[in-house]
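Structure record follows, encoded as structure tokens.
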Amino acid sequence: MERKYSDEIIPDMDGRKVKIAGWVHDRRKLGGLLFLLVRDRGGLIQVTLPKKYVSEDVFEKARTVSKESVVAIVGEVKKEERAPRGYEIIPEKIDILSKAAAPLPLDPTGKVGVTLDTRLDNRVLDLRRPNVSAIFKIRDVMLSAARNHLRSKGFIEIQTPRIISTSSEGGTELFPISYFEKEAFLAQSPQLYKQMMMATGLDRVFEIATYFRAEEHDTIWHLNEITAIDCELSFIEDENDVMDVVEELVLAIIRDIRENCSEHLEGFNIEIKEPKTPFPRITYEEALEMLDEAGLKVPFGEDLSTESEKKLGELMLEKGWSMYFVTKFPLRIKPFYTMPDRDPRFSNSFDLEFKGREMVSGSQRIHDYDLLVKMIKEKGLNPQGFKTYLEAFKYGMPPHGGFGLGVERFLMLLLGLPNIREAVLFPRDRKRLEP
RNA sequence: GCCCUGGUAGUGUAGCGUGGCCUAUCAUACGGGACUGUCACUCCCGUGACUCGGGUUCAAAUCCCGACCAGGGCGCCA
């Protein structure tokens with residue numbers, strides 16, 4: 001008999017024999033009456049066992065089966081107003097496919113609290129909780145929305161190497177790995193490769209992939225293994241064209257989630273609103289002025305501290321803006337490939353801020369070979385290490401720009417998750433390598 | 001890397017300031033029992049813990065030192 005999911009059964013199927021399967025979520029014993037709540041991907045199903053009407057064997061199995069055991073049940077659908085879904089199953093057969101050990105290391109029904117550490121140690125059980133798995137159903141919609149949107153805008157999806165040689169954009173630390181007789185590293189971003197793609201004539205590319213950062217940070221906001229949506233596009237005027245792409249992408253994702261995730265969003269105490277558009281584009285200098293007026297001094301030329309970034313978020317939210325760009329960062333604090341502004345102190349760069357946190361970072365890139373070599377040297381890096389990257393700029397490179405969007409950060413901010421680790425199935429941080 | 005806070009049954013917690021009355025609280029889970037409409041069912045009985053190592057003291061869950069682990073903030077970083 002074909003298995004049915006709980007949400008495929010309706011009260012009108014009264015009298016039909018069905019097979020269901022799932023985990024024993026809870027059990028309520030009332031002497032001669034026993035309720036078994038079975039959880040599957042579609043939710044919970046009530047299996048009702050009146051002692052008089054089911055076989056002794058079936059009743060005994062249901063009475064003694066441990067919570068979270070996997071069961072398959074064949075029974076009759078009974079329309080019943082007193083049951084949670086308007087129907088219940090009266091079983092004629094119960095197979096215990098896998099017994100769960102007791103007691104459980106955490107409570108999937110969520111009756112008692114549990115710390116994040118315990119949850120992550122027992123992540124598989126944790127993910128059985130509907131509120132937890134909902135995050136990943138939403139994440140799925142997020143990435144699918146991003147793909148659909150970008151494709152509709154003429155971007156093609158690419159895959160660049162995760163294993164890279166020494167040459168990199170500098171900045172963040174890399175994880176070294178052993179690659180036969182050579183030294184190699186895990187990719188921190190697809191930056192150099194996606195730029196090289198601009199010299200191929202593909203014009204617009206995107207990549208959704210995992211990257212590795214060997215930073216020893218330890219916050220609710222950082223991971224050592226992250227997922228990013230990276231885009232790069234050619235023939236732009238300046239960074240404003242890139243910001244247009246970011247804005248449309250972010251809006252497309254939020255709209256898709258609002259449309260398709262209402263069920264998954266139920267457990268979150270949050271209403272996802274479409275941010276006010278167009279997103280303001282305030283320059284670094286303007287941001288500094290706003291902060292100065294609010295009593296927060298940021299030394300000119302320095303990056304915004306966490307405190308000032310959060311403060312700026314508050315100031316913007318007061319004006320009704322939950323999402324906004326900060327543009328024209330000092331060239332000095334940006335990577336070598338960032339296009340300088342007409343005012344050489346600044347750069348054609350931007351961050352997209354959401355709730356006072358950086359979620360996207362992007363810029364117009366340098367497409368001129370000589371300027372690029374000059375900037376590499378100015379950053380104290382050796383052009384020799386960027387040989388293959390630089391080759392791509394020698395034989396015709398269009399003006400281009402791009403950005404990277406942190407998927408976990410977006411998900412965390414959108415859903416109001418208290419810790420970025422919640423947005424990853426199996427987070428990797430400074431201390432955690434298991435599970 | 002720095003600063004702050006914490007570590008008590010399977011899980012989540014109370015107790016710690018002012019050491020003794022802790023034979024360590026409560027909830028939930030777990031085992032047993034009663035119960036035919038539960039939906040955090042209810043009720044009765046039971047099992048189960050002071051992170052580790054030193055120290056102070058007549059006496060340490062409680063005070064001190066160290067280690068390990070965790071939570072938060074900052075830095076670095078995106």
Side-chain angles (χ1 to χ4, degrees), chain A residues 25-37 43-54 59 63-64 66-68 78 80-86 88 90 100-122 125-126 129 169-174 188-191 211-230 302-310 329 333-335 349-354 357-363 403-410 412 418-421 429-432:
Chain A
H25 184 74
D26 210 351
R27 209 175 31 182
R28 300 199 182 92
K29 301 178 210 175
L30 286 83
L33 182 64
L34 194 154
F35 297 103
L36 206 60
L37 294 179
L44 296 174
I45 322 167
Q46 176 163 296
V47 178
T48 305
L49 297 94
K51 199 167 189 172
K52 279 185 192 164
Y53 300 112
V54 299
F59 192 87
R63 198 181 67 84
T64 54
S66 57
K67 279 187 191 176
E68 294 304 315
K78 192 180 155 215
E80 171 57 69
E81 283 181 9
R82 288 173 293 182
R85 283 176 183 267
E88 58 193 17
I90 312 294
L104 300 161
L106 58 79
D107 170 25
T109 65
K111 279 183 218 166
V112 287
V114 61
T115 61
L116 183 60
D117 196 43
T118 304
R119 288 177 45 201
L120 293 177
D121 282 343
N122 302 280
L125 271 176
D126 184 45
R129 299 162 72 196
E169 52 179 302
T172 192
E173 296 286 321
L174 301 175
Q188 56 158 167
S189 88
Q191 182 63 35
Y211 304 106
F212 308 89
R213 309 274 166 96
E215 298 295 331
E216 300 211 1
H217 34 52
D218 193 4
T219 77
I220 56 163
W221 181 240
H222 291 87
L223 291 166
N224 293 297
E225 188 177 54
I226 60 169
T227 305
I229 303 173
D230 266 274
E302 299 278 305
D303 207 350
L304 300 180
S305 66
T306 306
E307 188 194 6
S308 46
E309 206 179 352
K310 282 181 187 168
F329 283 94
I333 60 171
K334 285 290 163 183
S349 58
F350 65 87
D351 283 357
L352 176 67
E353 299 279 325
F354 184 23
R357 295 282 204 175
E358 176 190 339
M359 189 175 90
V360 176
S361 194
S363 67
F403 64 90
L405 179 156
V407 170
E408 288 83 13
R409 286 187 173 184
F410 193 4
M412 174 191 181
N419 194 309
I420 199 165
R421 289 162 181 81
D429 61 36
R430 180 70 186 86
K431 291 165 182 169
R432 185 175 287 278

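Quick caveat, the model's predicted, so the values are computed rather than measured. Letters go in sequence order (proteins before strands), and every chain restarts at 1.
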Next item on the list: Please measure how far the P atom in B:C65 lies from the corresponding atom in B:G75, and state the result in whole Å.
Entry: 29 Å
Checklist line | Among B:C77, B:G75, B:G71, the one nearest A:T219 by side-chain distance | finding: B:G75
Notebook entry, point to check: So, A:R213 side chain and A:Q188 main chain: donor-acceptor pair closer than 3.5 Å or not?
Noted result: yes
Check: Considering only the P atoms, how many Å lie between B:G7 and B:U13, rounded to the nearest integer?
Finding: 10 Å
Notebook entry, point to check: Using the P atom in both, what is the distance from B:U62 to B:U23, to the nearest Å?
Noted result: 14 Å
Note to self: Which residue in the set A:R432, A:K431, A:R421 passes salt bridge (Lys or Arg N to Asp or Glu O under 4.0 Å) when paired with A:D121?
What the structure shows: A:R432
Anything under 3.5 Å between a protein N or O and an N or O of nucleotides 42-51 of chain B, put it in a table, one pair a line.
none

Next item on the list: Choose from B:U36, B:C77, B:C39 the nucleotide whose nearest atom is closest to any side-chain atom of A:Q46.
Entry: B:C39
Checklist line | Residue closer to the 5' end of RNA chain B, A:E358 versus A:L33 (nearest nucleotide) | finding: A:L33
Margin query: Between B:A9 and B:C26, how many Å separate the two C1' atoms, rounded to a whole number?
Written below: 13 Å
Note to self: From the set B:U36, B:A70, B:G75, return the single nucleotide nearest to any side-chain atom of A:T306.
What the structure shows: B:G75
Next item on the list: Please state how far atom CG in A:D303 lies from atom P in B:G75, giving the value in whole angstrom units.
Entry: 10 Å
Margin query: What's the gap between B:C16 and B:C43 when it is taken at their P atoms, as a whole Å value?
Written below: 29 Å
Notebook entry, point to check: Mind checking the P distance from B:C4 to B:A49? Whole angstroms is fine.
Noted result: 34 Å
Next item on the list: Return the value, rounded to whole Å, for the distance between atom CG of A:L30 and atom P of B:G33.
Entry: 16 Å
Note to self: Do A:K51 and A:L33 make a side-chain contact, defined as non-hydrogen atoms from C-beta onward lying under 4.5 Å apart?
What the structure shows: no
Check: Looking for any heavy atom pair under 4.0 Å, which part of the strands does A:I220 touch: base, sugar-phosphate only, or nothing?
Finding: sugar-phosphate
Note to self: Just the rounded figure in Å: distance from P of B:U38 to CG of A:L37.
What the structure shows: 13 Å
Next item on the list: Let me know the distance between NE2 of A:H222 and C1' of B:C74, rounded to the nearest Å.
Entry: 11 Å
Checklist line | Side chains of A:L30 and A:F35 in contact at under 4.5 Å (non-hydrogen atoms) | finding: yes
Below 3.5 Å between N/O atoms, which protein atoms pair up with nucleotides 5-7 of chain B? Just atom names and distances, please.
none

Checklist line | Side chain to side chain, A:D303 and A:E309, heavy atoms closer than 4.5 Å | finding: no
Next item on the list: Find out whether A:R357 and A:T306 are in side-chain contact, i.e. whether some heavy atom of one side chain is under 4.5 Å from a heavy atom of the other.
Entry: yes
Notebook entry, point to check: Taking CD from A:E68 and P from B:A29, how many angstroms apart are they, rounded to a whole number?
Noted result: 13 Å
Item checked: Any A:N419 side-chain N or O less than 4.0 Å from OP1/OP2 of B:G71 -> no
Next item on the list: Starting at atom NZ of A:K78, determine the distance to atom C1' of B:U36, rounded to an integer number of angstrom.
Entry: 11 Å
Item checked: Whole-angstrom distance between B:G20 and B:A59, as gauged at atom C1' -> 7 Å
Note to self: When the P atoms of B:A61 and B:G19 are compared, how many Å lie between them, rounded to an integer?
What the structure shows: 14 Å
Under 3.5 Å, N/O pairs linking protein and nucleotides 10-16 of chain B:
{"residue": "B:G10", "atom": "O2'", "partner": "A:L104", "partner atom": "O", "Å": "3.3"}
{"residue": "B:U11", "atom": "O2'", "partner": "A:G113", "partner atom": "O", "Å": "3.0"}
{"residue": "B:G12", "atom": "OP1", "partner": "A:T115", "partner atom": "N", "Å": "3.2"}
{"residue": "B:G12", "atom": "OP1", "partner": "A:T115", "partner atom": "OG1", "Å": "2.9"}
{"residue": "B:G12", "atom": "OP1", "partner": "A:T118", "partner atom": "OG1", "Å": "2.7"}
{"residue": "B:G12", "atom": "O4'", "partner": "A:G113", "partner atom": "O", "Å": "2.9"}

